[in-house]
Engineer: 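First, the structure itself, so that you have it in front of you.
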Amino acid sequence: MILETTQQVYGKVALIGLGLIASSMFWAMKRRGVAGSVSGYARSEATRDTARRIGLCDVVCDTAIAAVADADLVVLAVPVGAMGAVAQQIGPHLKPGCTVTDVGSVKKTVIEAVAPHLPQGVHFVPGHPLAGTEHSGPESGFATLFDNRWSLLVPVEGTDPAALDRLRLYWERLGANVDVMDAEHHDLVLAVTSHTPHLIAYTMVGVADDLGRVTDSEVIKYSAAGFRDFTRIAASDPTMWRDVFLNNKEATLEILGRFTEELFALQRAIRTGDGDHLHDYFTRTRAIRRGIIDAGQDTDAPDFGRTKLER
Ligand code: NAP
């Protein structure tokens, strides 16, 4: 049930980058009056025009510098590889005492890229909402994206506890549950839960595409749940995911190494007819799925209730 009461946490919020995540944040802020006003900036005129047309942000600025003027919270919502350059540009124009956060899917390299550009007296509290879809751009956002999803805050050395608490409250009012962890741990957890699975999906769809040259129509026509789910993940934004892998190299390679070992073990079980191994393995993985449903992070509806959940 959506509350209609005002729950303002920041006076002015500036969104830098106006894609899926920033636009969802805007609609979620509007839903509960979490910000007094919201300014936005995107690098291309086309995106800024779209934002103005659909009423995304109270004001859309033609420069990032204009957008951050007098902002109490500045959200960097651009691809991970672009965070440093954006921070460098806005750094000298930030209001003293404001908080800068980001929504990047990788934390260690983003912190290294952004922190040096922020002046004394500006609070840096990196973050990462664990919510998204395979869609991107200003028109893909929706107010409920963060509802009951986790948003991770990753404070840096010397982060002001009051700034951290306020950002926590902000995310809670956007509908999310909040946890706090350090950057290295974040990057390892995400390599397991998101980054490596995406790489596997990209690979599987690539393999099918190669086969598709022989039986093109069959791959599409008989696209059943397993493959269809992979294609959805593999449709995610190429720039975003290129940056994720280039920036979470260590943890992704570590998890991929373990994945390859397990894959070889299953391959051997198939070759040697070791059904017990396969059965035990699949029983263990089924329990993990049950745990995710019990934790409220997916639904048990057939096909994951997908059509109702995503838009
Ligand atoms: P998106 O929909 O593709 O939007 C990206 C925005 O960044 C656009 O406004 C784009 O501007 C701008 N941008 C792209 N390259 C840029 C550059 N080199 N310099 C300055 N601005 C640039 O992306 P998104 O899905 O919202 O993702 C934004 C951030 O959230 C990323 O860091 C991503 O890792 C993180 N994230 C994504 C998800 C997800 O599922 N999508 C989930 C959690 C976190 P133009 O439109 O003008 O090109």
Side-chain angles (χ1 to χ4, degrees), residues 14-28 38-54 56-57 60-65 67-68 74-90 100-111 113-114 117 126-142 145-147 149-154 171 174-176 178 183 186-187 189-191 193-195 197-198 201-202 232-248 252 297 309-311:
L15 300 172
I16 307 300
L18 293 175
L20 167 71
I21 299 298
S23 57
S24 297
M25 290 175 78
F26 174 74
W27 299 120
V38 182
S39 61
Y41 165 77
R43 65 176 172 169
S44 72
E45 206 176 328
T47 297
R48 296 197 296 269
D49 285 348
T50 303
R52 288 182 183 116
R53 176 172 53 76
I54 64 174
L56 176 61
C57 297
V60 176
C61 302
D62 287 328
T63 66
I65 292 167
V68 303
V74 174
V75 183
L76 309 181
V78 298
V80 162
M83 297 277 184
V86 170
Q88 182 173 28
Q89 205 187 357
I90 61 171
V100 173
T101 189
D102 75 292
V103 293
S105 306
V106 179
K107 293 278 57 92
K108 226 169 122 207
T109 56
V110 167
I111 291 168
V114 170
H117 300 298
H128 179 201
L130 306 189
T133 74
E134 68 278 24
H135 302 290
S136 47
E139 292 182 277
S140 58
F142 52 101
L145 179 67
F146 308 111
D147 284 357
R149 307 306 301 273
W150 286 98
S151 190
L152 302 178
L153 297 182
V154 181
W171 274 110
L174 259 46
V178 177
H186 167 278
D187 289 358
V189 169
L190 267 292
T193 58
S194 169
H195 304 168
H198 269 80
Y202 280 123
R232 188 180 61 81
I233 296 170
S236 300
D237 187 70
T239 305
M240 168 185 158
W241 284 96
R242 176 202 63 196
D243 284 7
V244 165
F245 292 116
L246 293 181
N247 285 276
N248 199 13
T252 309
Q297 294 302 305
L309 274 181
E310 281 188 356
R311 298 309 239 122

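Basis for what follows: all heavy atoms, side chains included, without hydrogens, waters or symmetry-related copies. Both ligands and their constituent atoms are indexed starting at 1 by order of listing.
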Engineer: What are the two closest heavy atoms between Val60 and Leu18, and how far apart are they?
Structural biologist: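 Reported closest heavy-atom pair: CG1-CD1, 4.5 Å.
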Engineer: Looking only at distance, does Leu20 have an N or O less than 3.5 Å from an N or O of ligand 1?
Structural biologist: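 For ligand 1, there is an N or O atom that lies under 3.5 Å from one belonging to Leu20.
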Engineer: Is it the case that ligand 1 has an N or O less than 3.5 angstrom from some N or O of Gly132?
Structural biologist: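 Not met; the criterion fails.
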Engineer: For Arg53 and Glu139, what are the C-alpha separation, side-chain angles and deciding distance, and is it a side chain to side chain contact (heavy atoms under 4.5 Å, CB included)?
Structural biologist: CA-CA 10 Å; Arg53 176 172 53 76; Glu139 292 182 277; 3.5 Å; yes
Engineer: Could you list which atoms of ligand 1 come closer than 4.0 Å to a heavy atom of Gly19?
Structural biologist: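 Per the distance check, 1 (P), 2 (O), 4 (O), 9 (O), 26 (O).
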Engineer: Among protein heavy atoms, which sits nearest to atom 8 (C) of ligand 1, and what does the distance come to when rounded to 0.1 Å?
Structural biologist: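 The protein heavy atom lying closest is Leu18 N, 4.0 Å.
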Engineer: Would you mind reporting whether His128 and Val110 have side-chain heavy atoms less than 4.5 Å apart?
Structural biologist: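 Val110 does not reach His128 side chain to side chain.
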Engineer: Do me a favour and list the nearest non-hydrogen protein atom to atom 47 (O) of ligand 1 with residue, atom name and distance?
Structural biologist: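 Heavy-atom neighbour on the protein nearest atom 47 (O) of ligand 1: Ser44 OG, 2.7 Å.
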Engineer: Counting only heavy atoms closer than 4.0 Å, does ligand 1 sit against the backbone of Arg48, its side chain, both, or neither?
Structural biologist: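 For Arg48, there is no contact with ligand 1 at all, from either part.
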Engineer: Evaluate His128 for polar contact with ligand 1, using N/O atom pairs at a separation under 3.5 Å.
Structural biologist: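 N/O-N/O distance under 3.5 Å: no.
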Engineer: Go through ligand 1 atom by atom and flag the ones less than 4.0 Å from a non-hydrogen atom of Val80.
Structural biologist: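 This gives 32 (O), 34 (O) as the contact atoms.
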Engineer: If the cut-off is 4.0 Å to any non-hydrogen atom of Gly17, which atoms of ligand 1 fall inside it?
Structural biologist: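 Those qualifying, in numeric order: 9 (O).
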Engineer: Run down the list Ala131, Ser151, Ser236 and name the one with the heavy atom closest to atom 42 (C) of ligand 1.
Structural biologist: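 The option holding the nearest heavy atom is Ala131.
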Engineer: Using a plain distance cutoff, I'd like to know if Arg43 has any nitrogen or oxygen under 3.5 Å from a nitrogen or oxygen of ligand 1.
Structural biologist: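 Looking only at distances, the answer is yes, because the N/O contact criterion of under 3.5 Å is met.
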Engineer: Mind listing the closest non-hydrogen atom pair of Ala77 and Ala22 along with its distance?
Structural biologist: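 In terms of heavy atoms, the two residues are closest at CB-CB, 3.8 Å.
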Engineer: Without swapping roles, check the side chain of Asn248 against the backbone of Val106 for a donor-acceptor pair under 3.5 Å.
Structural biologist: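 Not at all, since once roles are kept as given, no pair shorter than 3.5 Å links the two residues.
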Engineer: Report the nearest protein non-hydrogen atom to atom 31 (C) of ligand 1: residue, atom name, distance rounded to 0.1 Å.
Structural biologist: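 Of every protein heavy atom, Val78 O, 3.3 Å lies nearest to atom 31 (C) of ligand 1.
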Engineer: Hey, does Thr133 sit under 4.0 Å from ligand 1 if you only count heavy atoms?
Structural biologist: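 Yes; Thr133 lies near enough to ligand 1 that a heavy-atom distance drops under 4.0 Å.
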Engineer: If you compare all heavy atoms of Gly137 against all heavy atoms of Ser23, which two are closest, and at what distance to 0.1 Å?
Structural biologist: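 For Gly137 versus Ser23, the nearest heavy atoms are O-OG, 4.0 Å.
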Engineer: Which protein non-hydrogen atom lies closest to atom 44 (C) of ligand 1, naming both residue and atom, and how far is it?
Structural biologist: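 Result for atom 44 (C) of ligand 1: Val103 O, 3.1 Å.
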Engineer: Purely on distance, is any nitrogen or oxygen of Val244 under 3.5 Å from one on ligand 1?
Structural biologist: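 So ligand 1 has no N or O lying under 3.5 Å from an N or O of Val244.
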Engineer: Just need the protein heavy atom nearest to atom 3 (O) of ligand 1, so name the residue and atom and give the distance.
Structural biologist: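 Atom 3 (O) of ligand 1 sits closest to the protein heavy atom Ser136 CB, 3.6 Å.
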Engineer: Could you tell me whether the side chain of Asp102 reaches within less than 4.5 Å of the side chain of Val114, counting heavy atoms only?
Structural biologist: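 In short, these two side chains do not touch, never coming nearer than 4.5 Å.
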Engineer: Check whether any side-chain N or O of Ser194 sits under 3.5 Å from a backbone N or O of Leu190 as a donor-acceptor pair, and report yes or no.
Structural biologist: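 A pair under 3.5 Å: no.
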Engineer: Yes or no: does Met83 have any heavy atom under 4.0 Å from an atom of ligand 1?
Structural biologist: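 Checking ligand 1 against Met83, which is what was asked, there is a heavy-atom contact under 4.0 Å.
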Engineer: Counting C-beta onward and ignoring hydrogens, is there a side-chain heavy-atom pair between Ser105 and His195 closer than 4.5 Å?
Structural biologist: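 Yes, side chains in contact.
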Engineer: Run down the list Ala77, Ala42, Ala46 and name the one with the heavy atom closest to atom 6 (C) of ligand 1.
Structural biologist: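 That would be Ala77.
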Engineer: Report yes if some N/O of His135 lies less than 3.5 Å from some N/O of ligand 1; otherwise report no.
Structural biologist: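 His135 vs ligand 1: no N/O contact under 3.5 Å.
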Engineer: Please list the nearest protein heavy atom to atom 45 (P) of ligand 1 with its residue and the distance rounded to 0.1 Å.
Structural biologist: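 Nearest protein contact, heavy atoms only, for atom 45 (P) of ligand 1 is Thr47 OG1, 3.5 Å.
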Engineer: For atom 26 (O) of ligand 1, grab the closest protein heavy atom and report residue, atom and distance to one decimal in Å.
Structural biologist: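 Looking at atom 26 (O) of ligand 1, the protein heavy atom closest to it is Ile21 N, 2.9 Å.
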Engineer: For Pro126 versus Lys107, what's the shortest heavy-atom pair and its separation?
Structural biologist: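 Looking at all heavy atoms of both residues, the closest pair is CB-CE, 3.7 Å.
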Engineer: Numbering the atoms of ligand 1 from 1, which are under 4.0 Å from a heavy atom of Gly104?
Structural biologist: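 Those of ligand 1 that fall under 4.0 Å from Gly104 are 32 (O).
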Engineer: How far is atom 43 (C) of ligand 1 from its nearest protein heavy atom, and which residue and atom is that?
Structural biologist: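 Nearest protein contact, heavy atoms only, for atom 43 (C) of ligand 1 is Pro129 O, 3.2 Å.
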Engineer: Work out which heavy atom in Asp237 is nearest to a heavy atom in Ser136; give both atom names and the distance.
Structural biologist: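 Heavy atoms only, the tightest pair is OD1-OG, 3.7 Å.
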Engineer: So is Ala82 polar-close to ligand 1, meaning N/O to N/O under 3.5 Å?
Structural biologist: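 In fact, backbone or side chain, Ala82 has no N or O that close.
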Engineer: Where is the tightest heavy-atom contact between Asp243 and Pro79, given as atom of each residue plus distance?
Structural biologist: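 So the minimum-distance heavy-atom pair works out to OD2-CB, 3.4 Å.
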Engineer: Just say parallel, tilted or perpendicular for the rings of Trp171 and Phe146, cut-offs at 30° and 60°.
Structural biologist: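 The arrangement is perpendicular - the two ring planes meet at more than 60°.
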Engineer: Would you indicate whether the side-chain heavy atoms of Glu134 and Ile233 approach each other to under 4.5 Å?
Structural biologist: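 A side-chain contact is absent here, since even the closest heavy-atom pair is not under 4.5 Å.
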